[in-house]
Amino acid sequence: MKPRMASRPSAPPIVSGRILRRSFYAQPTVEVARALLGKILVHSEGSSKDNRAGRIVETEAYLGTTDPAAHSYRGVTPRTKVLFGPPGHAYVYFIYGMYYCLNVATEKEGTGGGVLIRAIEPLLNVTEPGNGPGRLTRAMGITLAHNGADLTRGPITIRETKQSGSFAIGVSARIGIREAADWPLRFFVSGNPHVSRGR
DNA sequence: GCTATGATCATA
DNA sequence: ATGATCATAGCA
């Protein structure tokens with residue numbers, strides 16, 4: 001008979017990928033937005049068996065003080081200071097009274113670039129849909145408490161994936177904005193069912 | 001201090 | 001098309 005439980009707990013292989021380094025996030029914002037597709041978002045608080053993970057399948061670039069749609073367009077405020085800080089930190093904001101959205105700060109300190117993570121494909125301990133920026137934070141347990149967190153340190157990290165599976169990158173206008181609405185700065189894994197819309 | 005509004009989502 | 005629901009920004 002098979003034992004009901006494994007005798008030894010094993011770390012889920014999906015969270016063992018190498019953590020992206022700060023130099024990754026220091027690249028131009030559009031490059032980071034494209035390169036984040038296929039990477040693994042990991043939330044590891046508490047016991048490792050409770051780690052949550054999802055594969056990033058949709059992103060949007062927000063360019064900073066040159067981008068009228070960016071929160072950082074009007075410069076540093078208490079809210080946007082993380083975007084102007086060093087790259088590789090989480091910018092989390094609260095929207096519509098009920099949702100959190102996760103971004104990563106890009107480019108060198110002093111610039112306001114960031115990438116909004118818009119959708120993940122659930123991989124591990126994610127029991128809600130990840131298709132949409134407000135949904136993925138709920139599914140991953142990400143809140144304002146994570147604003148400013150260093151993504152190279154945890155508890156939230158983004159990791160390289162071993163199965164390199166190549167895919168086509170779709171491009172479109174960004175969703176839900178008015179200014180600069182036609183800039184082609186949304187990127188997604190073409191055809192992936194967890195993309196929020198317009199696969 | 002006060003008010004308008006939003007990088008959303010579910011429901012109709 | 002509309003409502004839920006509140007942190008933030010801009011203004012007084």
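The chains referred to below are lettered A, B, ... by the order of the sequence lines, with proteins before strands, and numbering in each begins at 1. What's counted below: heavy atoms across the whole structure, side chains too, no hydrogens, waters or symmetry copies.
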> Are the ring of Tyr62(A) and the base ring of dA7(B) both nearer than 5.5 Å at their centres and tilted by less than 30°?
yes
> Between C1' on dG6(B) and CD1 on Ile95(A), what's the gap in Å once rounded to a whole number?
4 Å
> Counting the atoms with a prime plus P, OP1 and OP2 as sugar-phosphate, which does Arg174(A) contact under 4.0 Å by heavy atoms, base, sugar-phosphate, or nothing?
nothing
> Could you tell me whether Arg174(A) and Asp182(A) have a side-chain N and a carboxylate O separated by less than 4.0 Å?
no
> Would a hydrophobic clustering, with Ile, Leu, Val, Met, Phe, Trp and Tyr connected at side-chain separations under 4.5 Å, put Val82(A) with Ile117(A)?
no
> Distance from Ile40(A) atom CD1 to Thr157(A) atom OG1, nearest 0.5 Å?
10.5 Å
> Please give, in whole Å, the distance from dC11(C) P to Arg74(A) CZ?
9 Å
> Send over the distance from Tyr96(A) OH to dA4(B) P, rounded to a whole Å.
17 Å
> Picking from dC6(C), dA9(C), dA4(C), which would you name as closest to the side chain of Met98(A)?
dA4(C)
> Which whole-number value in Å describes the distance from Tyr73(A) OH to dG6(B) P?
16 Å
> Which listed nucleotide (dA7(B), dC9(B), dA9(C)) is nearest to the side chain of Leu83(A)?
dA7(B)
> What integer number of Å spans the P atoms of dC2(B) and dT5(C)?
23 Å
> Within this structure, what is the CG-to-P distance between Leu144(A) and dT5(C), rounded to whole angstrom?
17 Å
> Among the nucleotides dA9(C), dC9(B), dT5(C), which one has an atom lying closest to any side-chain atom of Thr80(A)?
dA9(C)
> Between the base of dA7(C) and the side chain of Tyr93(A), is there a donor-acceptor distance below 3.5 Å?
no
> Rounded to the nearest 0.5 Å, how far does CG of Leu63(A) lie from OG of Ser72(A)?
8.5 Å
> Using a heavy-atom cut-off of 4.0 Å across all strands, would you classify Gly134(A) as base, sugar-phosphate, or nothing?
sugar-phosphate
> Decide, yes or no, whether a salt bridge links Glu128(A) with Arg135(A) under the criterion of side-chain N to carboxylate O below 4.0 Å.
no
> Give the dot-bracket line for DNA chain C from 5' end to 3' end: parentheses for intra-strand Watson-Crick or G-U pairs under 3.5 Å, square brackets for crossings, | for inter-strand pairing, dots for unpaired.
||||.||||||.
> Starting at NZ of Lys81(A) and ending at P of dT8(C), how long is that distance when rounded to a whole Å?
10 Å
> I need the CG-P distance between Leu116(A) and dA7(B), as an integer number of Å.
10 Å
> Answer yes when Arg118(A) and Glu60(A) have at least one side-chain N-carboxylate O distance shorter than 4.0 Å, and no when they do not.
yes
> Return the nearest nucleotide to the side chain of Arg138(A); candidates are dA7(B), dA10(B), dT8(B).
dA10(B)
> Evaluate His71(A) against Tyr93(A) for ring pair (Phe, Tyr, Trp, His ring centres under 6.0 Å), listing each step before the verdict.
CA-CA 10 Å; His71(A) 287 178; Tyr93(A) 65 90; 4.5 Å; yes
> Using whole Å, report how far NE2 of His71(A) lies from P of dA7(B).
4 Å
